[in-house]
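This chain uses plain numbering: 1 for the first residue, then up along the sequence. Computed from heavy atoms alone, side chains included, the values below leave out hydrogens, waters and symmetry copies.
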Amino acid sequence: MTRNETIFYFSLGTVNILAGIIGNEWLGYLTKPLLMLTLGFFYYQKTKAKLILQDKLMLVALLFSCLGDSFLMFQRQNSQFFLLGLGAFLVAQLTYYYVFSQEGQTQYLKRLPFTLYAMLFVGLLWNKIPPDFLMPIIVYAFAIMFMGIGAVQRQTNPKSYRLVLIGAILFIISDSFIAVNKFAYNIPQSSVWIMATYIAAQYLIVAGMLAGRKNL
């Protein structure tokens with residue numbers, strides 16, 4: 001990612017976070033979907049000359065992340081939008097897992113922290129999640145666990161490995177904030193923590209995947 005692209009993306013993210021702090025819903029509605037569309041555009045611009053399956057799937061993951069962001073903006077008006085957002089992000093996470101796994105090799109010890117975290121997280125929230133949400137949350141928790149496993153098992157250059165892994169961990173943290181804030185405990189300034197970790201996570205994943213491309 002170029003310096004100007006990075007500045008533009010994080011400036012857009014900062015505006016979105018500030019919109020949440022000051023309560024400007026329309027500014028939030030405008031900027032939030034643009035985040036993943038911007039990343040997708042930057043990724044496409046860098047890979048379009050030699051677009052491979054990995055690149056197409058990365059664009060799919062970013063598109064469904066954008067859909068997830070869009071649905072979650074309206075969850076306060078209708079809880080079904082939360083499930084739609086969860087479904088969109090489920091597709092994104094499984095897509096990321098598939099992309100990462102194509103460069104991976106099974107390493108059981110590296111899988112262990114992500115597996116234990118998913119099990120502990122679901123266990124702690126088990127009695128706090130409403131029955132209608134329980135199964136979707138469990139499925140999503142294990143999907144994002146696999147995304148993390150895919151990231152930690154990648155065989156690539158150190159820069160690409162490091163960026164994608166940190167991005168995956170931040171993504172898990174961001175989603176954990178969402179679940180805890182919605183079902184267990186009201187986190188002060190939750191939107192700031194959720195969006196700050198999410199914005200950084202997606203950027204690092206995209207930058208890391210670009211860093212791993214040998215023909216760019």
Side-chain angles (χ1 to χ4, degrees), residues 10 12-21 23 25 27-29 31-36 39 61-97 113-151 166-206:
F10 280 104
L12 186 63
T14 300
V15 171
N16 179 261
I17 290 172
L18 290 174
I21 293 173
E25 286 190 351
L27 186 57
Y29 290 162
T31 53
K32 195 173 184 181
L34 285 177
L35 286 164
M36 294 307 106
L39 272 187
L62 291 170
L63 174 61
F64 274 90
S65 294
C66 178
L67 288 174
D69 287 337
S70 301
F71 287 135
L72 290 179
M73 288 191 300
F74 302 103
Q75 62 176 307
R76 290 181 181 176
Q77 290 89 333
N78 189 329
S79 62
Q80 292 303 310
F81 280 108
F82 177 79
L83 293 177
L84 288 172
L86 200 68
F89 274 113
L90 176 64
V91 175
Q93 299 298 351
L94 293 177
T95 304
Y96 276 142
Y97 169 67
F114 293 96
T115 305
L116 290 176
Y117 181 80
M119 294 174 66
L120 178 63
F121 190 75
V122 170
L124 289 173
L125 290 182
W126 186 271
N127 293 325
K128 301 181 183 298
I129 301 174
D132 291 346
F133 289 85
L134 186 59
M135 189 53 62
I137 293 293
I138 291 173
V139 171
Y140 184 79
F142 281 92
I144 201 168
M145 174 195 78
F146 280 111
M147 186 274 294
I149 287 172
I166 294 172
I169 291 170
L170 286 175
F171 212 144
I172 292 171
I173 291 172
S174 179
D175 281 346
S176 298
F177 282 144
I178 292 174
V180 170
N181 187 68
K182 186 171 183 64
F183 299 115
Y185 173 74
N186 186 27
I187 301 173
Q189 296 294 330
S190 59
S191 64
V192 175
W193 297 108
I194 291 166
M195 288 307 298
T197 49
Y198 173 71
I199 289 165
Q202 292 280 31
Y203 174 86
L204 291 171
I205 289 172
V206 167

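Two residues are said to be in side-chain contact when any heavy atoms from C-beta on lie closer than 4.5 Å; Thr31 and Leu35 fail this criterion. Residues Leu86 and Leu90 form no side-chain contact, since every pair of their non-hydrogen atoms from C-beta on lies 4.5 Å or further apart. Between Ile199 and Ile17, the closest side-chain pair of non-hydrogen atoms falls below 4.5 Å. Residues Ile178 and Phe183 are not in side-chain contact: their nearest non-hydrogen atoms beyond the backbone lie 4.5 Å or more apart. Taking 4.5 Å as the limit, every side-chain heavy atom of Leu83 sits out of range of all side-chain heavy atoms of Phe71. Looking at heavy atoms from C-beta onward, Met36 lies in side-chain contact with Asp69 at the 4.5 angstrom threshold. Side-chain contact between Pro33 and Met73 is present, with heavy atoms from C-beta onward closer than 4.5 Å.
Here Ile169 contributes atom CD1 and Ser176 contributes atom OG; the two are 11.5 Å apart, rounded to the nearest 0.5 Å. Here Trp193 contributes atom CH2 and Gln189 contributes atom CD; the two are 9.5 Å apart, rounded to the nearest 0.5 Å. Considering CD1 of Ile138 and CD1 of Ile129, their distance stands at 7.0 Å, rounded to 0.5 Å.
Closest non-hydrogen pair, Ser79 versus Phe133, comes out as CB-CZ, 3.9 Å. Closest non-hydrogen pair, Ala61 versus Ala92, comes out as O-CB, 3.5 Å. Counting all heavy atoms, side chain and backbone alike, Ile144 lies closest to Ala141 at CG2-O, 3.2 Å. In terms of heavy-atom proximity, Gly148 sits nearest to Ala168 at CA-CB, 4.4 Å. For Leu125 against Ala179, the heavy-atom pair with the smallest separation is CD1-CB, 3.8 Å. Minimum heavy-atom separation, Ala19 to Gly28: CB-N, 3.7 Å.
Classification of the Phe89-Tyr198 ring pair by plane angle, with boundaries at 30° and 60°, yields perpendicular. Ring orientation note: the planes of Phe74 and Phe81 are tilted relative to one another, at an angle of 30° to 60°.
A distance-only check finds a donor-acceptor pair linking the side chain of Asn181 to the backbone of Ile187 [under 3.5 Å]. Remark: the backbone N or O of Leu170 is not paired with any side-chain donor or acceptor of Ser174 at under 3.5 angstrom.
Of the listed residues (Phe82, Phe142, Phe121, Trp126), just one forms a side chain to side chain contact (heavy atoms under 4.5 Å, CB included) with Ile137, and that residue is Phe82.
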side-chain contact (heavy atoms from CB on, under 4.5 Å) between Gln93 and Phe171: does it pass, once the steps are laid out? CA-CA 10 Å; Gln93 299 298 351; Phe171 212 144; 3.2 Å; yes

Begin with the C-alpha distance, continue with both residues' side-chain angles, and end with the deciding distance and a verdict on side-chain contact (heavy atoms from CB on, under 4.5 Å) for Met195 and Lys32. CA-CA 9 Å; Met195 288 307 298; Lys32 195 173 184 181; 3.8 Å; yes

Please step through side-chain contact (heavy atoms from CB on, under 4.5 Å) for the pair Gln75 and Leu84, ending with a clear verdict. CA-CA 9 Å; Gln75 62 176 307; Leu84 288 172; over 6 Å; no

Worked check of side-chain contact (heavy atoms from CB on, under 4.5 Å) between Phe114 and Ile172: CA-CA 9 Å; Phe114 293 96; Ile172 292 171; 3.7 Å; yes

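No more than 12 heavy-atom neighbours from other residues, nucleotides or ligands sit within 6.0 angstrom of CZ on Phe146.
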